[in-house]
S.K.: 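Sharing a structure here in C-alpha cells format.
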There are 2 protein chains.
Amino acid sequence: MVTKQAAELRALTEGRGNAFDPDCPTRVVLDRIGDKWTVLVIGALVDGPRRFTALRQHIGGVAPKVLTQTLRAMERDGLLTRTVYAQVPPRVDYALTDLGASLGGPIAVLTDWAELNVAKILAARDEFVAQEA
Amino acid sequence: MVTKQAAELRALTEGRGNAFDPDCPTRVVLDRIGDKWTVLVIGALVDGPRRFTALRQHIGGVAPKVLTQTLRAMERDGLLTRTVYAQVPPRVDYALTDLGASLGGPIAVLTDWAELNVAKILAARDEFVAQEA
DNA sequence: CAGCATCCCGGTTGATACTG
DNA sequence: CAGTATCAACCGGGATGCTG
C-alpha cells in the first residue's frame, strides 16, 4: 500500500543525499510548513486579502515582530504579496499568490490526516506514559 | 479552486481557536513534520526495519542523541516500534507502525508539491533579493 | 552496539516599548 | 496603522565521554 509513497520518499531521502542539501525541495518546504505561523497565515488569507492588524487579531497571540518576520519570509518565497498604500494612516494588504494558495492543498491533506489520526497519537502517548510508570 | 481547502483550513485555524490548543491536531502533526529528522526517519524505514546504527549511517549527519530523541518521540506517538533483543552485543530494531507508514502519504503530497514548486520559490527569492538591491 | 549524561552554543521566539 | 528596536529567554542541536 505504501509502495508508491515509498518510492517517492526514497527518491527524496535516499536518492543522492539531497535531504542534506539546504536547498533540497523537501527542506525548503518543510521548513516553511514547520513554521508555527505560516500555516495560520495561509488559513487566515485563503478567503481574501487582509491588513496587518486584521491578521494579527485573526491569528491572535502573535507578536508584531514575529508576524512581520513570517510575512516577509512568505513574501520572499512568493507565497503572498504585500501591497503598501501611500496614505495616512498607512495601509498594507496581504494576499496569497497562486503559489501560496496552491500550498493549501498539501496542507489540507496534512490536516486531514491529523484529524483522522490524532486520537491514535494521543492514545499512544497515554499508553506510553502508562507503561513506563 | 481553493474553496474546499479554504473550508477545511478555516475549520482548523479559525473555527474555535483550536490552532492555539497545544493538543490541536494541526499542531501535533505539524510539530512532528516540522521536526528536522522525522521525515528522514520515515523515509529510511518505509522499506523495512533498521537498526540504530543503520539508521544513523543511512541518514547521515545526525548526532546519536538527536536521533534517539527523534526515535523516542516517534515511538511515543505510535509512529514506530522499538524492539530490543536481549543479546550481546545489544540489538534494537526500529520499524514503522501502520500509523507511521500512513503518514508517508501526506508527506509524499508535500514533497510532490515541493518538487513541483521549489523552482518558483527559489526564483521568487532571487527576484526579491534583486529588487531590494 | 546502543544510547544516556553532561556541557555548551547559536539562532529563534517573544514581550515590551517606541516611531514614521 | 504598521511596523522597528531592544533585550531576555528558550530550546534545538551538536561534541564529548562513559556504560550495560
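Convention: sequence-line order gives letters A, B, ...; per-chain numbering from 1.
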S.K.: What's A/Arg56 touching, base or sugar-phosphate or nothing? Going by heavy atoms closer than 4.0 Å.
M.R.: nothing
S.K.: Let's go through B/Val41 and B/Leu80 carefully: what are the C-alpha distance in whole Å and the side-chain angles of both, what is the deciding distance for side chain to side chain contact (heavy atoms under 4.5 Å, CB included) to 0.1 Å, and is it a yes or a no?
M.R.: CA-CA 10 Å; B/Val41 170; B/Leu80 55 77; 4.1 Å; yes
S.K.: Once rounded to the nearest 0.5 Å, what's the spacing between atom CG of B/Leu96 and atom CG of B/Leu79?
M.R.: 8.0 Å
S.K.: Tell me whether the OP1 or OP2 atom of D/dA2 has a side-chain N or O from A/Arg91 closer than 4.0 Å.
M.R.: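 No, outside the criterion.
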S.K.: Taking 5' to 3' order, which nucleotide of DNA chain C is first and which is last to have an atom within less than 4.0 Å of a heavy atom in chain A?
M.R.: C/dT13 to C/dG20
S.K.: Please identify each residue that fulfils side chain to side chain contact (heavy atoms under 4.5 Å, CB included) with B/Asp93, with sequence neighbours left out.
M.R.: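 Listed in chain order: B/Arg51, B/Thr83, B/Tyr85, B/Arg91.
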S.K.: What is the nucleic acid contact for A/Asp35, judged by heavy atoms within less than 4.0 Å: base, sugar-phosphate only, or nothing?
M.R.: sugar-phosphate
S.K.: Run the numbers on B/Val28 and A/Arg125 for side chain to side chain contact (heavy atoms under 4.5 Å, CB included), then give the verdict.
M.R.: CA-CA 12 Å; B/Val28 172; A/Arg125 284 187 183 179; 3.9 Å; yes
S.K.: Dump the intermediate steps for side chain to side chain contact (heavy atoms under 4.5 Å, CB included) on B/Leu103 and A/Asn117, then the final yes or no.
M.R.: CA-CA 9 Å; B/Leu103 224 198; A/Asn117 297 291; over 6 Å; no
S.K.: Round to the nearest Å and state the distance from B/Leu71 atom CG to D/dG13 atom C1'.
M.R.: 16 Å
S.K.: Using salt bridge (charged side-chain N to carboxylate O under 4.0 Å, His left out) as the criterion, list what pairs up with A/Arg72, not counting sequence neighbours.
M.R.: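 A/Arg72 satisfies salt bridge (charged side-chain N to carboxylate O under 4.0 Å, His left out) with A/Glu75 once adjacent residues are dropped.
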S.K.: From CH2 of B/Trp37 over to C1' of D/dG12, roughly how many Å is that when rounded to an integer?
M.R.: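 To the nearest whole Å, that distance equals 11 Å.
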S.K.: Once side chain to side chain contact (heavy atoms under 4.5 Å, CB included) is applied, do any residues pair with B/Ala124, and if so which ones, sequence neighbours excluded?
M.R.: none
S.K.: OP1 or OP2 of D/dG14 versus the side-chain N and O atoms of B/Lys36: is any pair under 4.0 Å?
M.R.: yes
S.K.: For the helix from C/dC1-D/dG20 to C/dG20-D/dC1, what angle separates the axis at the start from the axis at the finish, each from five pairs, in steps of 10°?
M.R.: 50°
S.K.: Return the set of residues passing side chain to side chain contact (heavy atoms under 4.5 Å, CB included) with B/Ala73 (not counting sequence neighbours), or none when no residue passes.
M.R.: B/Arg32
S.K.: Shorter than 3.5 Å, N or O on both sides, protein versus nucleotides 4-6 of chain D: list them out with atom names.
M.R.:
{"from": "D/dT4", "atom 1": "OP1", "to": "A/Arg72", "atom 2": "NH1", "distance (Å)": "3.4"}

S.K.: Which residues satisfy the side-chain hydrogen bond (donor to acceptor under 3.5 Å, both in side chains) test with B/Arg82, sequence neighbours excluded?
M.R.: B/Tyr94
S.K.: Applying side chain to side chain contact (heavy atoms under 4.5 Å, CB included), can you list everything that pairs with B/Thr97, at least two apart in sequence or on another chain?
M.R.: B/Thr81, B/Leu99
S.K.: Could you state the atom-to-atom distance from CG of A/Leu67 to P of D/dG3 in whole Å?
M.R.: 8 Å
S.K.: Can you measure B/Arg32 atom CZ to D/dG12 atom P for me and round it to whole angstrom units?
M.R.: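 It is 11 Å, rounded to the nearest whole Å.
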S.K.: Name the closest nucleotide to the A/Tyr94 side chain, picking from D/dG3, D/dG13, D/dG20.
M.R.: D/dG3
S.K.: For the pair A/Leu55 and A/Leu71, evaluate side chain to side chain contact (heavy atoms under 4.5 Å, CB included) and give the outcome as yes or no after the intermediate values.
M.R.: CA-CA 10 Å; A/Leu55 273 174; A/Leu71 257 11; 4.1 Å; yes
